Amino acid sequence: MVDRSSYLVVGADSLVGGGLLRALERRGRTAYGTTRRRDSVTHRRVFLDFESEEPFTAPPDVGYAFVVAAATNYDRCETDPLAYKINVELTPRTIASLLKQGLFVTFISTNSVFGGERPWPQEDDAHDPKISYALQKHRSELAIGKAAGELEAEDRLSIVRLTKILDPSTSPLASWFRAWRCGEAVQPFSDLIFAPMSIQFVGEALATLGEKRVPGTLHLSGADNVSYVDLALALVEKLGVDSSLIAPTTATAKGIHIAFKPRFSGLGMNRTTQLTGIRPQKLADVVNDLTVDA
Ligand SMILES: NC(=O)c1ccc[n+]([C@@H]2O[C@H](COP(=O)([O-])OP(=O)(O)OC[C@H]3O[C@@H](n4cnc5c(N)ncnc54)[C@H](OP(=O)(O)O)[C@@H]3O)[C@@H](O)[C@H]2O)c1
């Protein structure tokens, strides 16, 4: 019998895919990543483009796939019909094919499906998507659930929604770190709320979900709804930088249009914690991870 203990990460070149692959490798798991950059294909980096008509067959030793890749740019989702097609038609088609191949599949979705007006929505709460990206992810979830139902594969499907993920290179953090090194002030927004998590936390938590094989809807979230000013203050405290190098402002004052401006960003994790023991990530731990190499 073929050993199917290996993992596949669809979207190896994404922020989340990269963090997940590192976590799986740290745990000694065999993991393949997919790329649509043909010139970078290797034994462990296999070609997969949702837009390609070439059928995709997972390597024979893979028993679990994480589908991370997506059209993620908010502006593109508003204007480019191809983004809609990738998120709502082609991704569910690929997931149906992976389920038919007998794999357990995790689809990565987003907190934005809840619309941001309700605090701490739980895993099975109703959606209220307000921007095209969120609406596309919502429709994608529905299409994937329908495909799993038709294939009688609901026990091999999970949908994992995430809040905002940070690594030190995520905008605007890289420019903050650079400014503070030069003794310059930064201008974080007080009117932009999020519930951040570190990429290390997300990679490890997804790898745990992959080991536990929990079907159904799950959430990974930061434990705190904070503004970018709150995050900047926590970072300067940790780094020993003078807090006068924070000059709070607002997106409104700067005339910057923000497509998704939720009042509440954090996700309730009751079901996820009950079934897996994973808890929301505290802001102090996010800051520790972001400053580990500083
Ligand atoms: N980042 C966050 O804060 C956040 C928060 C909540 C949920 N999520 C969800 O988490 C997932 C990953 O997000 P991310 O920020 O890590 O993504 P990302 O860095 O923006 O990367 C998206 C990836 O998708 C790939 N891709 C796009 N279209 C494709 C296609 N047609 N075929 C194959 N691959 C395609 C891209 O390939 P190329 O590199 O070749 O362009 C890219 O590597 C997404 O589903 C997103 O909705 C992210």
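Both ligands and their constituent atoms are indexed starting at 1 by order of listing. It should be emphasised that the depicted structure is a prediction, and the values quoted were computed from it without experimental measurement.
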Going by ring pair (Phe, Tyr, Trp, His ring centres under 6.0 Å), name the residues that satisfy it together with Phe194, two or more places apart in sequence or in a different chain.
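For Phe194, the residues satisfying ring pair (Phe, Tyr, Trp, His ring centres under 6.0 Å) (neighbours in sequence not counted) are Tyr228.
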Counting only N and O atoms by type, is there a donor-acceptor contact under 3.5 Å from the side chain of Thr110 to the main-chain atoms of Arg161?
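Pair absent, no side-chain N/O of Thr110 close to backbone of Arg161.
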Without swapping roles, check the side chain of Asp125 against the backbone of Gln122 for a donor-acceptor pair under 3.5 Å.
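Yes, Asp125 side chain to Gln122 backbone: donor-acceptor pair under 3.5 Å.
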Among residues at least two apart in sequence or on other chains, which ones pass side chain to side chain contact (heavy atoms under 4.5 Å, CB included) with Arg27?
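By the side chain to side chain contact (heavy atoms under 4.5 Å, CB included) rule, Arg27 matches Arg29, Glu204, Ala207, Thr208, Glu211.
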Could you give the N/O to N/O pairs under 3.5 Å linking ligand 1 and the protein, each with its distance?
unit_1   : atom_1 : unit_2 : atom_2 : d
ligand 1 : 3 (O)  : Ile165 : N      : 2.9
ligand 1 : 16 (O) : Leu15  : N      : 3.1
ligand 1 : 16 (O) : Val16  : N      : 2.8
ligand 1 : 19 (O) : Leu15  : N      : 3.1
ligand 1 : 20 (O) : Thr72  : OG1    : 2.7
ligand 1 : 24 (O) : Ala70  : N      : 3.3
ligand 1 : 24 (O) : Ala70  : O      : 3.3
ligand 1 : 28 (N) : Arg36  : NH1    : 3.4
ligand 1 : 31 (N) : Asp49  : OD1    : 3.2
ligand 1 : 31 (N) : Glu51  : OE2    : 2.9
ligand 1 : 32 (N) : Asp49  : OD1    : 3.2
ligand 1 : 32 (N) : Phe50  : N      : 3.0
ligand 1 : 37 (O) : Arg36  : NE     : 3.2
ligand 1 : 39 (O) : Arg37  : NH2    : 2.4
ligand 1 : 40 (O) : Arg36  : NE     : 3.0
ligand 1 : 40 (O) : Arg37  : NE     : 3.2
ligand 1 : 41 (O) : Arg36  : NH2    : 2.8
ligand 1 : 43 (O) : Ser14  : N      : 3.4
ligand 1 : 45 (O) : Val68  : O      : 3.0
ligand 1 : 45 (O) : Lys137 : NZ     : 2.7
ligand 1 : 47 (O) : Tyr133 : OH     : 2.6
ligand 1 : 47 (O) : Lys137 : NZ     : 3.2

Does the plane of the ring in Phe104 sit parallel, tilted or perpendicular to the ring in Tyr64? Use 30° and 60° as the thresholds.
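Parallel.
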With sequence neighbours excluded, tell me which residues meet side-chain hydrogen bond (donor to acceptor under 3.5 Å, both in side chains) with Ser243.
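If we apply the side-chain hydrogen bond (donor to acceptor under 3.5 Å, both in side chains) test to Ser243, skipping adjacent residues, there are no hits.
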